Asker: 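First the structure, which I've put down as structure tokens, then a few questions once you've had a look.
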Number of protein chains: 2
Amino acid sequence: MSFADTPEPPYTAVIFTSLRTDGDLGYGVMSARMGELACEQPGYLGMESARDGLGITVSYWRDDAAAAAWKQVAEHLVAQQRGRDVWYEDYRVRVATVTREYGPPNPG
Amino acid sequence: MSFADTPEPPYTAVIFTSLRTDGDLGYGVMSARMGELACEQPGYLGMESARDGLGITVSYWRDDAAAAAWKQVAEHLVAQQRGRDVWYEDYRVRVATVTREYGPPNPG
């Protein structure tokens, strides 16, 4: 687990919040594969993810067009459908424009 | 754990990603208190949080001014300083404007 190495804003963040159904049902394999596939997309900047009960995955993109293109990648469309049908009890997707980013005053 | 009940966009999301230091050192109490205090602020819309290794907390605000005002609340300033000094190994704060939100086609 580490921080996404994002550039100077502005860029796009897709905040995906989810509640899983019980059991794996192929979710682990799909999740790893989608992580790999996202990395290969034009405009991909990074991803941060955590789950304890609620799951939060934030993916970062050069712009809204890059994020929208990722949503339409064929293999991802299949995963999204399977997510709606099987893996997710409920979810929210929020598309946002990051305008400011900062870390500790003395990093490291 | 549940979803923030946010209104129609636009609104502001503050994405706080963090790595904790070892040990609690008063973090649990502070974290609960900051959650309560945030709820009481003008323009607060909700919060979503998860941690497994990486922690991600997204707080939602009516606008950037409301988010900026929360950052300056006295008790929160103390917590932020203690966070930098003791609780967080490292962190990132990203302030973003949510432009689009959606959930499942047939919610529930």
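The structure presented is a predicted model; accordingly, all values stated were derived computationally and were not measured. Each chain gets a letter, A, B and so on, in the order the sequences are listed, and its residues count up from 1. Just the heavy atoms: all of them, side chains too, but no hydrogens, waters or symmetry mates, feed the values below.
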Asker: Which of the residues A:V93, A:T6, A:V14, A:I15 is involved in the greatest number of heavy-atom pairs with chain B at under 4.5 angstrom?
Answerer: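 Between A:V93, A:T6, A:V14, A:I15, the count favours A:V93.
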Asker: Should A:S18 and A:R51 count as side-chain neighbours, where that means a heavy-atom distance under 4.5 Å?
Answerer: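 Yes, at least one pair of side-chain atoms sits under 4.5 Å.
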Asker: How long is the span from the OG1 atom in A:T97 to the CZ atom in B:R100, to the nearest 0.5 Å?
Answerer: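 Rounded to the nearest 0.5 Å, the OG1-CZ separation comes to 11.5 Å.
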Asker: Are A:T21 and A:Y27 side-chain neighbours, meaning at least one heavy-atom pair lies under 4.5 Å?
Answerer: no
Asker: Between B:Y88 and chain A, which part of the residue has a heavy atom less than 4.5 Å away: side chain, backbone, both or neither?
Answerer: neither
Asker: Surrounding CG of A:D5 (heavy atoms of other residues, nucleotides or ligands, distance under 6.0 Å), is the total greater than 12?
Answerer: no
Asker: Assess whether a salt bridge exists between A:E75 and A:R33, defined as any Lys/Arg side-chain N lying under 4.0 Å from an Asp/Glu carboxylate O.
Answerer: yes
Asker: Heavy-atom pairs under 4.5 Å with chain A - which of B:T99, B:V98, B:V95 has more of them than the others?
Answerer: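 Heavy-atom pairs under 4.5 Å are most numerous for B:V95.
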Asker: Using 0.5 Å steps for rounding, measure from the CD atom of A:E89 to the CZ atom of A:R20.
Answerer: 10.5 Å
Asker: If you define the side chain from C-beta out and look only at heavy atoms, does anything of A:Y11 sit under 4.5 Å from B:R94?
Answerer: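 When only atoms from C-beta onward are counted, B:R94 and A:Y11 do touch, with a gap below 4.5 Å.
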Asker: Are A:M30 and A:V78 close enough that some pair of their side-chain heavy atoms sits under 4.5 Å apart?
Answerer: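 Side chain of A:M30 against side chain of A:V78, heavy atoms only: no contact under 4.5 Å found.
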Asker: Considering only heavy atoms, which portion of B:R84 lies under 4.5 Å from any heavy atom of chain A: side chain, backbone, both, or neither?
Answerer: side chain
Asker: Select one option (side chain, backbone, both, neither) describing which atoms of B:T12 are under 4.5 Å from chain A's heavy atoms.
Answerer: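 Contact with chain A: none, neither part.
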Asker: How would you list, in number order, the residues of residues 56-74 of chain B that have a heavy atom less than 4.5 Å from chain A?
Answerer: B:I56, B:V58, B:Y60, B:D64, B:K71
